[in-house]
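Small disclaimer: the values here were computed from a predicted structure and weren't measured. Note: hydrogens, waters and symmetry copies are ignored here, and every other heavy atom, side chains too, is used. Along the sequence shown, the residues carry numbers beginning at 1.
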Amino acid sequence: MKRVVVGLSGGVDSSVAAYLLQQQGYEVIGLFMKNWHDDSVTISNDCPWLEDSNDALLVAEKLGIPFQTVDLSEQYKEKIVDYMFNEYEKGRTPNPDVLCNREIKFDVFMKIALSLGADYVATGHYCRKNEIEVNGKPVYQLLSGVDNNKDQSYFLCQLSQEQLSKSLFPIGELTKPQVREIAAEMELVTAEKKDSQGLCFIGKVRLPEFLQQKLQPKPGIIVQIDKNNSVYNIGIPKGLSTEETLSLAASPIQYTPDMGKTVGKHQGAHYFTIGQRKGLNVGGTAEGLFVIATDVDSNIIYTGMGSHHPGLFRKALFVEKSEVHWIRKDLALANGETMKVMARIRYRQPLQEATLHQFESGMYVSFEEPQSAITEGQFVAWHLDDELVGSGVIS
C-alpha cells in the first residue's frame, strides 16, 4: 500500500484531496505546515494559522487519518521572506507563491514527508500530472487543471522532474463547485470555507505593512508621463540582428523626471510595482493613474493615465540564462532555436501567443500582442497545449 503525505492547509481543496486519496486506496497522513509566527504584522487579531491548523485537524479526525503539525517557519523566513525583502529592495516584485511551492512545499516539506516513509506528497492544487515515455525513460508532465477558472499550474511552474515524480494532485480533474460538493457530502468542516488570500501561509498580511517593517520609508516624487510623449514614438532601427531587435523590445524605457510633471509624493519607490494603481493617492486625473516604472535608485515613481497608456506595454521580455527553467528538460532549446508557445506573465492571465528565442545570454519571450505590466521578478510560464513545459524569472 502506497503512503501519501497530504499538505493539509485547513482549506477545502486539500481536505477533499485527502479524502479522494483515501478512496483510491492510499495510506494517507495529514501534515499541517506552520510557516509563520510573527504576529506583529498580521492584520487582525484572529490568528489565521491556529484556526487553519485546527480545521486541518478536524478534517483529519473526520477521515480517521494521522495528523501532525510541522514548524517550517525558520526555513520559510530564510527562503521566502528574506528573499522577498531583497527583491523589493532591488525594485523587483517577487512571487512568493511560486517560490513557496519550489522551496517549501515540494522541497523542505517533501523531504519531511519522504523521511516519514511516504511514496508521494499530495496538495490541493488545481492541476494534473501525467507520465509519458521519452527515449525509454519516464517523463512527467504538468498539465492545467480541468477547471479553467481555478487552474493553478502556474504556481508550480518551477518544479523539477524529481519533484513531480513524487507529487499527486487529486483534485486536478475536478472543478471548484465539485470539490465543495464532495466536502459538503462528507460533512467536512471546510466545505463552506472561503479561499485563502494573502501571502502563501502567512495569513492575513497586508503587503505594504509587511514590507515597511524591513524597508525604511523614503519620501520621493510621483511623476506623470503623457501618453503622447515622444519617447513612445522611437522606432526600432533597421539592420539589427534578431537578438538586438528583441533586446530593444524587451528593455524598459528609462524615464527621467523632466519627461513629465510632478503630481504627488510617495513613501518609497520600493513599495510599488508596475501596473499598480492603488495607494498612489493622487486625485484630480480624468482616469486612474498606473505605475509604469519605478526607479529605486533615485526613488521616483513614474505613472501614466489610464489602462491603455503606452508606458504599460511591451512586446517582449528577457529571462537570464541561469533563470530559464524547463520542467520538460527534453524540450529545452539550444542556442539559436525558437519555439512557438502559449505563455502567461501572471496567475490567471489568459494564455498569450508567444515565441521563445534562446541565445547564449538567455531567453527572449516575444509576444504576438503587446503585454501590459511585464514585471521584473515575476515568473513567465510557457505551455504547449495544456502542458506547462517551462518558466523563468522576468529580468
Side-chain angles (χ1 to χ4, degrees), residues 43 87-88 90-95 149 197-198 205-212 215 217-236 248-317 343-354 365-380 394:
I43 291 170
E87 286 286 279
Y88 276 109
K90 291 181 199 148
R92 291 169 42 135
T93 308
N95 188 314
N149 287 322
Q197 292 300 324
V205 174
R206 280 203 197 95
L207 204 54
E209 287 158 31
F210 180 62
L211 291 171
Q212 270 158 11
L215 306 178
K218 271 198 302 199
I221 56 170
I222 300 174
V223 174
Q224 183 182 345
I225 307 283
D226 189 83
K227 67 174 192 290
N228 299 317
N229 192 301
S230 59
V231 73
Y232 300 123
N233 304 330
I234 300 167
I236 289 188
L248 278 177
S251 299
I253 293 170
Q254 301 300 319
Y255 295 99
T256 52
D258 54 10
M259 292 180 181
K261 58 179 186 189
T262 303
V263 291
K265 289 194 165 64
H266 62 80
Q267 285 304 306
H270 43 261
Y271 299 133
F272 290 84
T273 177
I274 311 274
Q276 180 173 336
R277 55 180 296 195
K278 294 200 177 95
L280 284 165
N281 302 326
V282 176
T285 52
E287 286 179 87
L289 286 187
F290 289 79
V291 176
I292 56 174
T294 62
D295 181 341
V296 282
D297 295 328
S298 45
N299 197 32
I300 297 170
I301 295 173
Y302 294 96
T303 59
M305 190 168 71
S307 57
H308 297 294
H309 189 282
L312 281 169
F313 293 89
R314 289 218 301 278
K315 274 207 76 161
L317 61 84
R344 59 167 55 102
I345 55 171
R346 61 180 71 88
Y347 175 51
R348 302 202 64 160
Q349 181 197 25
L351 287 166
Q352 310 285 314
E353 283 180 54
V365 183
S366 68
F367 293 91
E368 293 299 309
E369 298 292 321
Q371 298 297 305
S372 176
I374 291 176
T375 307
E376 240 188 293
Q378 292 278 310
F379 290 87
V380 55
I394 300 171

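Of the candidates N95, T375, I345, I345 is the only one forming a side-chain contact (heavy atoms from CB on, under 4.5 Å) with I394. Partner Y255 forms a side-chain contact (heavy atoms from CB on, under 4.5 Å) with one of I300, I292, T294 and no other, that one being I292.
Partners of E87 according to the salt bridge (Lys or Arg N to Asp or Glu O under 4.0 Å) rule, which considers only residues two or more places apart in sequence or in another chain, are K90, R92. Here N229 pairs with I225, V231, Y232, M259 under the side-chain contact (heavy atoms from CB on, under 4.5 Å) rule; sequence neighbours left out. Legend: residues meeting side-chain contact (heavy atoms from CB on, under 4.5 Å) with S251, ordered by chain and number and at least two apart, are S247. In this view, D258 and T256 satisfy the side chain to side chain donor-acceptor pair (under 3.5 Å) rule, not counting sequence neighbours. Under the side-chain contact (heavy atoms from CB on, under 4.5 Å) criterion, S372 pairs with L312, F313, sequence neighbours left out. For E287, the side chain to side chain donor-acceptor pair (under 3.5 Å) criterion is met by no residue, not counting sequence neighbours. Here Y347 pairs with F155 under the ring pair (Phe, Tyr, Trp, His ring centres under 6.0 Å) rule; sequence neighbours left out. With sequence neighbours excluded, the residues forming a side-chain contact (heavy atoms from CB on, under 4.5 Å) with Q267 are P217, P219, Y271, listed by chain and number.
Sorted by first and then second residue, the side-chain hydrogen bond (donor to acceptor under 3.5 Å, both in side chains) pairs involving residues 273-282 (not counting sequence neighbours) are T93-T273. Within the structure, every pair that satisfies the side-chain hydrogen bond (donor to acceptor under 3.5 Å, both in side chains) test and touches residues 296-311, not counting sequence neighbours, is listed here: D295-S298. The salt bridge (charged side-chain N to carboxylate O under 4.0 Å, His left out) analysis of residues 343-352, with sequence neighbours excluded, yields the pairs D151-R344.
Taking every heavy atom of both residues into account, I222 and K265 meet most closely at CD1-O, 3.4 Å. For the residue pair G275 and F290, the shortest heavy atom distance occurs at O-CD2, 3.5 Å.
Under a 3.5 Å cut-off, the side chain of E369 and the backbone N or O of F367 do not form any donor-acceptor pair. The closest donor-acceptor contact from the side chain of H266 to the backbone of I221 lies under 3.5 Å.
For the pair Q371 and Q349, the minimum side-chain heavy-atom distance is below 4.5 Å. You'll find the side chain of Q224 reaches within 4.5 Å of the side chain of M305, heavy atoms only.
With no hydrogens or angles considered, no side-chain donor-acceptor pair links E368 and Q352 at under 3.5 Å.
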